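Here is the structure we will look at.
Each chain gets a letter, A, B and so on, in the order the sequences are listed, and its residues count up from 1. The shown structure was predicted, so the numbers you read here are calculated from the model rather than taken from an experiment.
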There are 2 protein chains.
Amino acid sequence: MKYTTIIDIAQALGISKSTVSRALRGDKQNVSKETRERILAMAKKMGYTRNELAVNLRKQSTRTIGIVVPEMLTPFYMNFITYAQQELNRQGYRVTLAQSHENPNAELANLQMFEDYRVEGILISVCHTEKNLATYQRIMKKGIPMVFFDRTLSSLPISKVKIDDYLKSFFLVEQMIRRGKRRIVHLAGPDYIQNSQERKRGYRDALEKFHLPYCPEYVIDAGVDFSGGEQAVEQLLKQHIAFDALFCFTEMSALGAKSNLQKHGVQIPDEVAIACISGTDLCVLVHPSITAVEQPVKQMAEEASRLIVQKVEHPELPDKTIILEAETIYREST
Amino acid sequence: MKYTTIIDIAQALGISKSTVSRALRGDKQNVSKETRERILAMAKKMGYTRNELAVNLRKQSTRTIGIVVPEMLTPFYMNFITYAQQELNRQGYRVTLAQSHENPNAELANLQMFEDYRVEGILISVCHTEKNLATYQRIMKKGIPMVFFDRTLSSLPISKVKIDDYLKSFFLVEQMIRRGKRRIVHLAGPDYIQNSQERKRGYRDALEKFHLPYCPEYVIDAGVDFSGGEQAVEQLLKQHIAFDALFCFTEMSALGAKSNLQKHGVQIPDEVAIACISGTDLCVLVHPSITAVEQPVKQMAEEASRLIVQKVEHPELPDKTIILEAETIYREST
DNA sequence: TTGAAAGCGCTAACAT
DNA sequence: ATGTTAGCGCTTTCAA
């Protein structure tokens, strides 16, 4: 399969490739209307499509932003990507996507690939607090702009867009306590995600504020997904740990927990209340009794996009951290 | 920001760029172990990353497959993408993604972009039966391999991977009838999606088999998303159309319908049974009473990937249509 | 208004 | 084992 090139067009018309290039790029100044039309017609006839590889190589610019996310199964990251894509397209950038599947090695490979393809900026939600620190720093030092979003890293002086996980966590737990819950179990996320650590702090401090005891066995590592939530509940029941509320790290683990509780015949929310900090309204949609603090995914995407574009176009400007107000949703128990 | 090139390395070492290129590409035959090591060390020291743009241009090959999907919000397409990516990577191909947002113009732009970037094959689930027919044909004629999946087009002689929507639809409706449902409403998808048309046929024929009347007002255009399902139910209730079962086109419209029914105090599934053909277990997860025929997304992704690779590497081979057996799931009403 | 020529970073055929 | 050279498709000075 052979693509038509500007040389083919030039030859077919008996003119130089420079003129063809100019016409095709829409340069109205330096090519007569007549030849312009002949060129456009011939290009169409020959099925010409400009080779972006060659253009990018020549121009030494791709106008492409790479986005790395831990996963794309929950709507949160997909929404982020969609909004970011919109905003970045509006600003004249293209987007290429990569998922790390929660695996630092895959994340590394993706970042490497972005470098190889000369993306001009990177938006990333990291999958591990430490594992790829050196790589992030290497990329920064190389001068490739990066912006962290959602799962950020406090240890790195890079622009970030996030919510205040500590505060939101504190808030949610406080709500549960005010509603009379006393034995609140935290289905926590893994420690290698910083948001998880901050939510643990929020959980702990909220208990403290109300002089409730902090029991280590009430904090269970439930991972990030559906089955993590199921297993955590399984464990709780097996160990006969009494509880009247669950505060989950992700919406998926909340759903998993819910599902398993129902399987065991536990009434929700009469006996147990469930809450999580959610990227979308999935939880609410699925089960209105789950209380959620909703992350402002659209704003997050737009802020992150604006930040990365700014950084690409004005590398000299200082880094910025944006903390977004998450919307708190209260649902009446049904 | 200036990237290190093989010329930089060659100069730093006082050798030719060909040797550097060879060493960096892992050619052990034609470069002495000693210089090889010097080159690798220097490359690392200077932070070299190969410019894939240049490589692709020079080699006239990108080893990249483009995937176009209507949306990425439902897990079905995301699962497809993930599995396809795995399989294609295994075969030495990269993947680039685009979503049409159910918009034929966006789909067109995405296909155009894929051409510009010289993808070597395209996997697509179309968003409209007719709108972009000419483009698909143009691409085919140009010799760019394409494989259709899930939402395919019977009118085009291109390789496809799909389920038998007619059969599965027939089957599902038959089940409802056998369970005593008589007034089955079909929240149908739009006619510009072929799968939707075939499911309508299946619905109709199943009724006929059991000598049940076909009422046009029982077939409602509910679109593809959550709000479509909500609105369809709203309309049913407002018009006082009696029904005891809903057969929905998508899992999202099933969820929307369910949500609105609950809002109006209708018991599910005591009064109304809901069924859909689902790409994932989302429905089941959300509401175990929803009956679903599960699409074999993993196989679909793997077959489609294999087909496209085969077509890229052996363009002379004939087109193929693969119809996958969808797994039928019965859930007991809870 | 047009053309000639250089070059983006890399590979590969052909010398040496 | 290494170097020289041509060229992938395009843009962009510089000349004409």
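Side chain to side chain, A:Tyr77 and A:Asp150 meet the donor-acceptor criterion of an N or O pair below 3.5 Å. Looking at B:Asn89 and B:Gln85, their side chains never bring a donor and an acceptor atom within 3.5 Å of each other.
The interatomic distance linking A:Lys59 (NZ) with D:dG9 (C1') rounds to 13 Å, in whole Å. We find that CZ of B:Arg118 is positioned 8 Å from P of D:dG9, with the value rounded to whole Å. Atom CG of B:Leu57 is separated from atom P of D:dA6 by 18 Å (rounded to the nearest Å). If you measure from atom CD1 of A:Ile6 to atom P of C:dT2, you get 15 Å, rounded to the nearest angstrom. When the C1' atom of D:dG3 is taken as reference, atom CD of B:Gln11 falls 15 Å away, rounded to whole Å. Whole-Å rounding puts the B:Leu13 CG to D:dG3 C1' distance at 15 Å. If you measure from atom CG of B:Asn30 to atom P of C:dA15, you get 16 Å, rounded to the nearest angstrom. Spacing between atom CG of B:Asn56 and atom P of D:dC10 amounts to 15 Å, rounded to whole angstrom units.
Within residues 43-53 of chain A, no residue has a heavy atom under 4.0 Å from DNA chain C. Contacts with DNA chain C (heavy atom under 4.0 Å) in residues 20-29 of chain B: B:Ser21, B:Arg22, B:Arg25, listed by number.
In this structure, A:Lys160 has no salt bridge (Lys or Arg N to Asp or Glu O under 4.0 Å) partners at least two apart in sequence or on a different chain. Residues satisfying the side chain to side chain contact (heavy atoms under 4.5 Å, CB included) test with B:Arg25, not counting sequence neighbours, are B:Ser21, B:Arg50, B:Lys59. Listed by chain and number, the residues in a salt bridge (Lys or Arg N to Asp or Glu O under 4.0 Å) with B:Asp319 are B:Lys311 (sequence neighbours excluded). By the ring-ring contact (aromatic ring centres under 6.0 Å, His included) test, A:Tyr93 pairs with no residue at all, sequence neighbours left out.
Phosphate proximity of C:dC8 to B:Thr5: absent, as no side-chain N or O sits under 4.0 Å from OP1 or OP2. Contact between the side-chain N/O atoms of A:Ser18 and the OP1/OP2 oxygens of C:dA5 is not found at any separation under 4.0 Å. In terms of phosphate contacts, A:Gln60 brings a side-chain nitrogen or oxygen within less than 4.0 Å of OP1 or OP2 of C:dG9. Under 4.0 angstrom from either OP1 or OP2 of C:dG3 there lies at least one side-chain N or O belonging to A:Thr19.
Place A:Ile7 and B:Val31 on DNA chain D by their nearest nucleotides, and B:Val31 ends up nearer the 5' end. Mapping A:Val55 and B:Glu34 onto DNA chain D via the closest heavy atom, the residue that lands nearer the 5' end is B:Glu34.
Under the 4.5 Å side-chain criterion, counting only non-hydrogen atoms from C-beta, A:Glu107 is in contact with A:Tyr136. Side chains of A:Asn56 and B:Tyr117 form a contact here, defined as non-hydrogen atoms less than 4.5 Å apart. By the 4.5 Å heavy-atom criterion applied to side chains, B:Ile144 and B:Phe114 are not counted as neighbours.
You'll find that the side chain of A:Ser32 is closest to C:dT2, out of D:dA6, D:dG9, C:dT2.
Shown here is B:Lys45, whose NZ atom has no more than 12 heavy atoms of other residues, nucleotides or ligands within 6.0 Å.
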